[in-house]
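None of the values given here were measured: they were computed from a predicted structure.
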Amino acid sequence: MLKKVKRLFVIKTRFEAYLIIFALALGAMTRGAHYTLEYPGVGGYLLFAATTGAVFLGGAKILDAIRYEQEARKREAASDQTPKT
């Protein structure tokens, strides 16, 4: 039962990754908008840019990890299918 619940929190496909990145971006843009109100001027816009940059970096890392895991699964499946002599 615990394994089934655990699988809900694992990103398996690129589509799921894009949904997660979209949610992160929505939150970051909201936070950035609050920063521009809280810190008027250049400081607020720099913090806004920092929140945007964090989503770009995090999203790239998530997509790279998904690609790495998929390639590892393909290699593992290919090595399991080769006949052993």
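- With a 6.0 Å radius and a threshold of 12 heavy atoms from other residues, nucleotides or ligands, Arg7 has its CZ atom at or below the threshold.
- Other residues, nucleotides and ligands contribute at most 12 non-hydrogen atoms within 6.0 Å of the CG atom of Leu2.
- Salt-bridge check for Asp64 with Arg67: passed, with a basic side-chain N closer than 4.0 Å to an acidic carboxylate O.
- From Lys6, atom NZ reaches atom NZ of Lys3 across 8.0 Å, with rounding to the nearest 0.5 Å.
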Output a table of donor-acceptor pairs, distance under 3.5 Å, between side-chain atoms of residues 13-25 and any protein atom two or more places apart or on a different chain; print 'none' if there are none.
from: Thr13; atom 1: OG1; to: Glu16; atom 2: N; distance (Å): 3.3
from: Arg14; atom 1: NH2; to: Tyr18; atom 2: OH; distance (Å): 3.2
from: Glu16; atom 1: OE1; to: Lys12; atom 2: N; distance (Å): 2.7
from: Glu16; atom 1: OE1; to: Thr13; atom 2: N; distance (Å): 3.4

Exercise answer: donor-acceptor pairs, residues 29-39 side-chain atoms, under 3.5 Å, sequence neighbours excluded:
from: Thr30; atom 1: OG1; to: Leu26; atom 2: O; distance (Å): 2.9
from: Thr36; atom 1: OG1; to: Ala33; atom 2: O; distance (Å): 2.6

